Amino acid sequence: MNLFEIYSARLHAALSTLAERGALPAGLNLGRVVVEPTKDPAHGDLATNAAMVLAKDAGTNPRALATLLVEELSKDPEIAKAEIAGPGFINLTLQPAVFTTVLKAAIDAGLNYGRGPAKPEPKVNVEYVSANPTGPMHVGHGRGAVFGDALASLLAFAGHNVTREYYINDAGAQVDVLARSAFLRYREALGEDIGAIPEGLYPGDYLKSVGETLAKAHGPALKDKPEAEWLPLVRKVAIDGMMDMIRDDLAALGVVHEVFFSERSLQAVDGNKDAVRETIEDLRSRDLVYEGRLPPPKGQKDEDWEDREQTLFRATQFGDDVDRPLLKSDGSYTYFANDIAYHRSKFMRGFTEMIDVWGADHGGYVKRMQAAVKAVTNEKGALDVKLCQLVRLLRNGEQVRMSKRSGDFVTLREVIDEVGRDAVRFMMIFRKNDATLDFDLAKVVEQSKDNPVFYVQYAHARCASIFRQAREAFPDLDLTPVTLSQADLSILTDEAEVGILKSIAAYPRVIEAAAAAHEPHRVAFFVHELASAFHSLWNKGKDSPQLRFVNQTDRKSTLARLAFVHAVRSVLASGLAVAGVAAPEEMR
RNA sequence: GGGCCCGUAGCUCAGUUGGAUAGAGCAGCAGCCUUCUAAGCUGCUGGUCGCAGGUUCGAAUCCUGCCGGGCUCGCCA
């Protein structure tokens, strides 16, 4: 039940009625008309800009049109008051019963309250993490992981048909470096003294277990073979080992992908067809690939720049700034070429809506990828790229230094192990994706109001606690949702209660808007605000005993308030579920 | 130099895709606190929304130009 949709429909009906009567021209464009919550309770419950937006096309002025609309809307028995305000807003005040109806609906729907209607099409693909399989994930990867996962959950909850995908970058030169690094650890595992890890190889200890696996499986057999022979084999074992580790870390975060897509599988190796070549030929056949020269980068002198003819994709035809190369000078595919083939694969698997979650350092890559998606899908597919900014890791306000060089940088896993999955998940989306994020290891485990994770979870636990207490006070009271939703809710008239009722009514709209904007942080902010309002109401009961949820001497009001608390709890749990954060029964 | 992102209270950030008097938390100030088990509550102070133009009934939001910060710039992924 979405209040704003309902009244939007009624507003449209009123406009049609006016059109039929000839008071308005027919066929007005209603695209910009919105029904939204008011910021100020003095403005009533709902507001619409209809009169201001439509006045010009209707050949009248906003206030005259508003007068007509108000007259029409006032006939609605659920609208207690409709009035014109400011430059032509129409403010609607609803009968209080409308909000209790919403509350009942929320209780009846339970955790499905706010869920959008199922939309099988378009199929949506969310690609996130896609960390290189060359080492453990760091905190920055964690942000992308949580963001992508929460976004996917949000879209799914809004009704979309979502697939979660991970692109394994297992085809570039860096996995060969990984293989060489692992080979050293293999020799080490055989008892050889390998000394310091040479510059340019991965020094981390995490490759030791790969070395041991290799030693166990092959004994000394690989040791004296030429690199060309052992590299493919070692590479596979190393990549598998790294992916196991990454999957493990993701599992610790509660992040699970449905599809792991290998970059290597796009190339003519291991018996695969050459999907990259196929993609390039497809584009070439439509004159979107050509042999040509590129101007050198402007303003920046580059000694190594060599003007030569190369194979280029006409990215400029789709809004990019320059055409982009598909082949390196040694004839192999560029990363971009592979990525085009990959996104073409997504399209061929039925995904017309693609969302990629990348680190902010890949911002310069967005335009060309969007151009490629347009080209490869014949403009039938769309790509939205969400860039996640850096995470600054702090402890009590002081930056935790991460020296990647030595190999002993702070891993995502260490952070999860220290502060817990819920804290990491909530904090990672408690900020807009394109703003840098401060993550304080000390603060996120604090049990105080300053810690948003605790604050929101505590609100949920407090709801549960109230129920435990109610059962003690009224052992015979039936507290199942079915009974609660029948309670007489008309006593919920305190300002603080009404405010929360309005929040609950706004939840479906928040979900819908957050999903449309691909912004899961809005859900995190919403639950935080709801938690805040709820704690505040709870504290109000200190001075005003009649506002307490459990009232030993009044079964009727207790039942109504428990219905209210049940709905609050349910919406908190729902929002936390989107975030992937646990909704605990108690905080001990 | 080109492109992209950011700039909102002393600090950290929201701002419902163009709406009404720009909000919240922290910090600061003033009270309250033997709490429906609970790690606090209430109120106040605080703003040239980086700057300057433009678009329109209306701009923090859209357009242009500057200023400042970050990222990025063929054969890394």
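What's counted below: heavy atoms across the whole structure, side chains too, no hydrogens, waters or symmetry copies. Below, read A as the first sequence line, B as the second, and so on, with proteins coming before strands; counting in each chain starts at 1. Because the structure is a prediction, the values reported are computed rather than measured.
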(message) From NE2 of A:H43 over to P of B:G23, roughly how many Å is that when rounded to an integer?
(response) 11 Å

(request) Could you tell me whether A:Q174 contacts a base, only the sugar-phosphate backbone, or nothing, with contacts defined as non-hydrogen atoms closer than 4.0 Å? (result) sugar-phosphate

(message) Counting the atoms with a prime plus P, OP1 and OP2 as sugar-phosphate, which does A:N169 contact under 4.0 Å by heavy atoms, base, sugar-phosphate, or nothing?
(response) sugar-phosphate

(request) Specify the residues of residues 453-465 of chain A, ordered by number, for which at least one heavy atom lies under 4.0 angstrom from an atom of RNA chain B. (result) A:F454, A:Y458, A:R462, A:S465

(request) Using Watson-Crick or G-U wobble pairs with both distances under 3.5 Å, give me RNA chain B in dot-bracket, 5' to 3', with [ ] for crossers and | for pairs to another strand. (result) (((((((..((((.....[...)))).(((((.......))))).....(((((..]....))))))))))))....

(message) Quick check on B:U72: syn or anti? Syn means the glycosidic torsion is within 90 degrees of zero.
(response) anti

(message) Please pick, from B:U16, B:G74, B:A77, the nucleotide with the shortest atom-to-atom distance to any side-chain atom of A:E306.
(response) B:G74

(message) Would you call the rings of A:H528 and A:Y455 parallel, tilted or perpendicular, taking 30° and 60° as the class edges?
(response) tilted

(message) At 4.0 Å (heavy atoms only), tell me whether A:A473 reaches a base, stays on the sugar-phosphate, or touches nothing.
(response) nothing

(request) Measure centre to centre between the rings of A:F525 and A:F430, then say whether the value is under 6.0 Å. (result) yes

(request) Using heavy atoms to find the nearest nucleotide of RNA chain B for A:S130 and A:R509 separately, return the residue whose nucleotide is more 5′. (result) A:R509

(message) For a quick check of understanding: with a heavy-atom distance under 4.0 Å over all strands, which category does A:T334 fall into, base, sugar-phosphate or nothing?
(response) nothing

(message) Please give the distance between the C1' atoms of B:A30 and B:C57 as a whole number of Å.
(response) 43 Å

(message) Expressed as a whole number of angstroms, how long is the span from A:W358:CH2 to B:C71:P?
(response) 19 Å

(message) Under 4.0 Å, counting only non-hydrogen atoms across every strand here, what does A:P62 touch: a base, just sugar-phosphate, or nothing?
(response) nothing

(request) May I ask you to decide if the ring planes of A:Y167 and A:F261 are parallel, tilted or perpendicular, using 30° and 60° as cut-offs? (result) tilted

(request) Mark yes or no for a side-chain to base donor-acceptor pair under 3.5 Å between A:N338 and B:A77, with no hydrogen or angle criteria applied. (result) no

Report, one pair per line, the protein and nucleotides 58-60 of chain B atoms (nitrogen or oxygen only) whose separation is under 3.5 Å.
residue : atom : partner : partner atom : Å
B:G58   : O6   : A:R32   : NH2          : 3.4

(request) Tell me which nucleotide among B:C75, B:U42, B:C57 gets nearest to the side chain of A:S536. (result) B:U42

(message) Can you work out whether A:Y365 or A:G541 has the more 5'-proximal nearest nucleotide on RNA chain B?
(response) A:G541

(message) Return a single string for nucleotides 24-32 of chain B, one symbol per nucleotide in 5' to 3' order, where B is base contact, S is sugar-phosphate-only contact and - is none, cutoff 4.0 angstrom on heavy atoms.
(response) --S------

(message) More than 12 heavy atoms of other residues, nucleotides or ligands under 6.0 Å from CD of A:E309: yes or no?
(response) yes

(request) Please say which of A:L383, A:V385, A:L155 ends up in a side chain to side chain contact (heavy atoms under 4.5 Å, CB included) with A:I355. (result) A:L155

(request) For B:C41 and B:G3, measure between their P atoms and round to the nearest Å. (result) 49 Å

(message) Please check: side-chain N/O of A:T316 versus main-chain N/O of A:V322, any donor-acceptor pairing under 3.5 Å?
(response) no

(request) Mark yes when over 12 heavy atoms from residues, nucleotides or ligands other than A:E398 sit less than 6.0 Å from its CD; otherwise mark no. (result) no

(request) May I ask you to check whether A:F526 and A:Y507 place their ring centres under 6.0 Å from each other? (result) yes

(request) Could you give the distance separating B:G46 and B:A59 at their C1' atoms, to the nearest angstrom? (result) 24 Å

(message) Without decimals, in angstroms, what is the distance between A:L3 CG and B:U16 P?
(response) 20 Å

(message) Strictly under 4.0 angstrom, non-hydrogen atoms only: write out the protein contact profile of nucleotides 2-14 of chain B, one letter per nucleotide from the 5' end, B, S or -.
(response) -SSSS-----SSS

(message) Expected output is a numbered-order residue list: members of residues 544-560 of chain A with a heavy atom under 4.0 Å from any atom of RNA chain B. What is it?
(response) A:R548, A:F549, A:V550

(message) Which residue is it: A:K39, A:K502, A:K81? I am looking for the one with a salt bridge (Lys or Arg N to Asp or Glu O under 4.0 Å) to A:D45.
(response) A:K502

(request) Send over the distance from A:I90 CD1 to B:A20 P, rounded to a whole Å. (result) 17 Å

(message) Taking B:G65 as the reference, what is the distance to B:G2 when you measure between their P atoms (whole Å, please)?
(response) 10 Å

(request) Assign A:P37 to base, sugar-phosphate, or nothing according to its heavy-atom contacts below 4.0 angstrom with the strands shown. (result) base

(request) Apply side-chain hydrogen bond (donor to acceptor under 3.5 Å, both in side chains) to the pair A:N91 and A:T93, showing each step before the final yes or no. (result) CA-CA 7 Å; A:N91 292 332; A:T93 303; over 6 Å; no

(message) Measure CE/A:M587 against P/B:G40 and give the value in whole Å, please.
(response) 12 Å

(message) Between B:A24 and B:G54, how far apart are the two P atoms, rounded to whole Å?
(response) 33 Å

(message) Need one value for A:A85: base, sugar-phosphate or nothing, where a base atom within 4.0 Å counts as base even if backbone is also close, heavy atoms only.
(response) base

(request) Can you establish whether the number of heavy atoms outside A:E472 located under 6.0 Å from its atom CD is more than 12? (result) no

